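Positions are given from 1, in the same order as the sequence printed here. Predicted, not measured: the structure shown is a model, and the values here were computed from it. All values below come from the heavy atoms of this structure, side chains included, with hydrogens, waters and symmetry mates left out.
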Amino acid sequence: MEHGDRGARLAPGMLMLVALRAALTGLDWPRIAVPLIVSLPVHLADLARTARS
């Protein structure tokens, strides 16, 4: 596994943790929703790259 692969695999989880922290600290809903929305295409891109390998 190369360094770029690790980042791509960790990015969706990191984004979800950012959203969780935002929710637990009581931030506004856009600060919770944006990392969650961004994590989906990042996750799907990782799945597509894994399927091609």
- Message: When you group the ILVMFWY residues by side-chain heavy-atom contacts below 4.5 Å and let the links chain together, are Leu17 and Leu24 in the same group?
- Response: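 Leu24 and Leu17: one cluster.
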- Query: When clusters are formed by joining ILVMFWY residues with side-chain heavy atoms under 4.5 Å apart, either directly or through shared neighbours, do Val38 and Leu44 land in the same one?
  - Reply: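 No.
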Rounded to the nearest 0.5 Å, what separation is found between the [atom1] atom of [X] and the [atom2] atom of [Y]?
| X | Y | atom1 | atom2 | value |
| --- | --- | --- | --- | --- |
| Met16 | His43 | CE | NE2 | 7.0 Å |
| Arg31 | Thr25 | CZ | OG1 | 9.5 Å |
| Thr50 | Arg9 | OG1 | CZ | 4.0 Å |
| Asp46 | Leu10 | CG | CG | 9.5 Å |

If you look at every heavy atom in [X] and [Y], which pair is closest and at what distance?
| X | Y | value |
| --- | --- | --- |
| Ser39 | Pro12 | CB-O, 3.9 Å |
| Ala19 | Leu36 | CB-CG, 3.6 Å |
| Leu15 | Pro35 | O-CB, 3.4 Å |

